[in-house]
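As structure tokens, the structure follows; a few thoughts come after it.
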Protein chains: 2
Amino acid sequence: MSKRVGIREVAAAAGVSVTTVSHSLSGGGQISDATRERVRSVAEGLNYAPNRLASGLRSKRSQIIGFVSDEISTTPYAGNVLLGAQEAAAANDQVLMVVNSNRNSRIEDRGIDALLQHSVDGIIYARMYHQAVKLPAALSGVPTVLLDASSDRTDLSSVVPDEEGAALTAMEHLLAAGHRRIGYLGNIDEIPATRGRLAGYRAALAAHGIPFDESLVTVGESMTAPGRDAASRVLALADRPTALFCFNDRMAMGAYQAAHLAGLEIPRDLSIVSIDNFEVLADALLPGLTSIALPHYEMGRWAIERLAAELAGEADSAPQQIQMPCPLVLRQSVGPPPR
Amino acid sequence: MSKRVGIREVAAAAGVSVTTVSHSLSGGGQISDATRERVRSVAEGLNYAPNRLASGLRSKRSQIIGFVSDEISTTPYAGNVLLGAQEAAAANDQVLMVVNSNRNSRIEDRGIDALLQHSVDGIIYARMYHQAVKLPAALSGVPTVLLDASSDRTDLSSVVPDEEGAALTAMEHLLAAGHRRIGYLGNIDEIPATRGRLAGYRAALAAHGIPFDESLVTVGESMTAPGRDAASRVLALADRPTALFCFNDRMAMGAYQAAHLAGLEIPRDLSIVSIDNFEVLADALLPGLTSIALPHYEMGRWAIERLAAELAGEADSAPQQIQMPCPLVLRQSVGPPPR
DNA sequence: CTGTTAGCGCCTTCAT
DNA sequence: ATGAAGGCGCTAACAG
């Protein structure tokens, strides 16, 4: 690293004052185009790079965004959220400072403290699956955007997936393939996705005049083994469904296994659609699993852009709470119902 | 955020100078225990928190560690690496600034530039799977530790999994179960893991006096579908193996599918061990997949701790290149060979 | 043991 | 259109 060149070396080399250099490089002030250009090329030639600690200290803008997550390690798609945020931040000349809490609020508070000590300009408060949150007290007064999380506060921007819309999309796909007897493999956690996806399931049935049949709904924890058990139960029904809409890909994998055990072939005897588009599973299953993608990357981008707009005090900087659409990703797990 | 309290308010409230406050809080200087305690409690009462931009500017220690990764989004266990690093950093009163390159060296250079502008104290240069790297020029002179990556430079610390050891562990487990005819489902990428795991496979055979049989080795891309195809080929052999050691869990999933298609039951007819311990797969497969865990979390921790030691200029701060052991995680995919 | 005095590198009035 | 000067909050000499 050696001794980095500072604004004063540039000033000396360009034969101007440090003020002029500062203005030239940051686009501010009233500097003639000629001077500005000259200073810029001198700076570039000298390989000048600003010291963000110093500029942050003076200007109260660190260009650092804090990213607070709850369980970055256990959620395979956490990387996409982070990536979306990171790329959007880079485009704004910002950088991400990441802190993970492991769902421990003491650790979370410590992490937030650390971020504030480093003078982050704002914070993305991210959950790794859609949930309702109460914002930590330490965050009051700090510009914050909620990611994959919602709260009852209307003064905060937030972005979550459109759970009900995702379920509708999944169901419409099955209905369009001709299915009328569609089971729902649901989960049991008390999270918004639980409510939203079930609501979408029912709404889709209603929209097509199909009566809701309680016996076609089985639930379990949202993992493979419970999914397998729950699926086995519906598939054992005398009048079993011809298609299954699954809460997520892990449960869908369980449904595949249950189908195998029951001697059913997918999609000939049973069609399956789920939510997550978790590629390691969806692509690997045989046949490929048709699934609704959750917009992880996009939520990451949106959160940063929203935060940037609010920090800039832009005209449209009123907080927004949005639900993002979730696209269908076609693979091979859906076919017409067996006759 | 309002106006944060600074060192001078604390000094005034405690009736001492700012120097005394600084020394009291940072543990330096010669301050009487009484004063130190008093200052500390005053600071706490005032809810003082240091401004790290200012202290970093002055002391040349930002307490920020840069984390440079290549493809955080596509690798499901990236979160564990990050988590290990983050937790270790927090324990050192450091915080992580994360930058991802998507394997694009221009983006990577920009990211590293940003980190340097923010005066990171050091950098963890991480890859998401074990590979040999050439360090970007921008990093010369910056304290750096390689994570899941190795280079030919002996002046840099690095940590990678012990690939050969992992393979040996896997093979010993199969051998201990009584298998003698063991196939290897390998991959084709030009990465250290390819070489190391194959070497471990051969070494284990040799150690038990079992001749290497080329026909038992099939390879493919390290994903499920190619794994399925490769496995189908060995399983079609007249004298098929009684066990399969797989390059990774995704290929192992392919092997499960191939076994099913061939009417073979695991582990009755075929035992399987692989490497990754990627829980979303290993736990979900039926039966559970016995797999060797890669020490992602541990590598993250180690890298930060090594970097901290080097930054502190500790006695044992000579660079180290280490290979981490990979533990066996037992599930249900291994049994005795069929008679 | 404690206090005084200079900056760290930059941005921002304010004057020219 | 450009420059001079002060200070962001803190720590590191150096004095006492």
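Proteins get letters first, then strands, A, B, ... in listed order; numbering begins at 1 in each. Computed over heavy atoms, backbone and side chain alike; hydrogens, waters and symmetry mates excluded. All values reported here derive from a predicted model rather than from experimental measurement.
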- [ ] Grab the NE2-P distance between B:H23 and C:dC1 for me, whole Å please.
- [x] 14 Å
- [ ] Specify the separation, in whole Å, of atom CZ of B:R8 and atom P of D:dT11.
- [x] 13 Å
Task: D:dC10 OP1/OP2 closer than 4.0 Å to side-chain N/O of B:Y48 - done: yes
Task: Carboxylate-amine/guanidinium proximity below 4.0 Å for B:E44 and B:R40 - done: no
Task: Modelled atom types, side-chain donor and acceptor of A:T20 and A:S17, under 3.5 Å - done: yes
TODO: Rounded off to whole Å, could you give me the CG-to-P distance for the A:L25 and D:dT2 pair?
DONE: 14 Å
- [ ] Can you tell me the distance, in whole Å, between the CD1 atom of A:I31 and the P atom of C:dT12?
- [x] 13 Å
- [ ] Look at the side chain of B:D121 and the backbone N and O of B:Q63, then say whether any donor-acceptor pair between them is shorter than 3.5 Å.
- [x] yes
Open item on the list: A:H296: which residues meet the ring-ring contact (aromatic ring centres under 6.0 Å, His included) condition with it, sequence neighbours left out?
Closed with: A:Y77
Task: Side-chain donor or acceptor of B:E108 paired with backbone N/O of B:D70 under 3.5 Å - done: no
Identify each atom pair where a protein N or O and an N or O of nucleotides 4-6 of chain D are less than 3.5 Å apart, giving names and distance.
from  : atom 1 : to    : atom 2 : distance (Å)
D:dA4 : N7     : A:T19 : OG1    : 3.2
D:dA4 : N6     : A:T19 : OG1    : 2.8
D:dG6 : N2     : A:R58 : NH1    : 2.3

Open item on the list: Both B:S22 and A:T20 contact DNA chain D. Taking the nearest nucleotide for each, which residue is further toward the 5' end?
Closed with: A:T20
Open item on the list: So if I take the C1' atoms of five pairs at each end of the helix from C:dC1-D:dG16 to C:dT16-D:dA1 and get each local axis, what angle do the two axes make, rounded to 10 degrees?
Closed with: 40°
Open item on the list: Looking at C:dT12, I'd like to know if its phosphate oxygens (OP1 or OP2) sit under 4.0 Å from a side-chain N or O belonging to A:K60.
Closed with: no
Task: Closest-nucleotide ordering on DNA chain C, the 5'-leading residue of A:L57 and B:D33 - done: B:D33
- [ ] Would you kindly say whether A:S69 and A:N100 are connected by a side-chain donor-acceptor distance under 3.5 Å?
- [x] yes
TODO: Starting from P on C:dT2, measure out to CZ on B:R36 and report it in whole angstrom.
DONE: 9 Å
Task: B:I7 CD1 to C:dT2 P, straight-line distance once rounded to whole Å - done: 15 Å
Open item on the list: For a quick test of reading the model: is some side-chain N or O of B:S59 closer than 4.0 Å to OP1 or OP2 of C:dC8?
Closed with: no
Task: Contacts of B:V160 that satisfy side-chain contact (heavy atoms from CB on, under 4.5 Å) - sequence neighbours left out - done: B:H130, B:S150, B:Q323
Open item on the list: Using the salt bridge (charged side-chain N to carboxylate O under 4.0 Å, His left out) criterion, which residues pair with A:D155? Sequence neighbours excluded.
Closed with: A:R153
TODO: With the side chain of B:A54 defined as its heavy atoms from C-beta on, choose the nearest nucleotide among D:dG9, C:dG3, C:dC1.
DONE: D:dG9
Task: d(CG, A:N51; P, D:dC8) in whole Å - done: 18 Å
Task: Phosphate contact (C:dC1 OP1 or OP2) by B:T35 side-chain N/O below 4.0 Å - done: no
Open item on the list: Just the rounded figure in Å: distance from C1' of D:dT2 to CD of A:E37.
Closed with: 18 Å
Validation: residues 91-98 of chain B side-chain donor-acceptor distances under 3.5 Å, sequence neighbours left out:
from  : atom 1 : to    : atom 2 : distance (Å)
B:D93 : OD1    : B:R52 : NH2    : 3.2
B:D93 : OD2    : B:R52 : NH1    : 3.2
B:D93 : OD2    : B:R52 : NH2    : 3.4

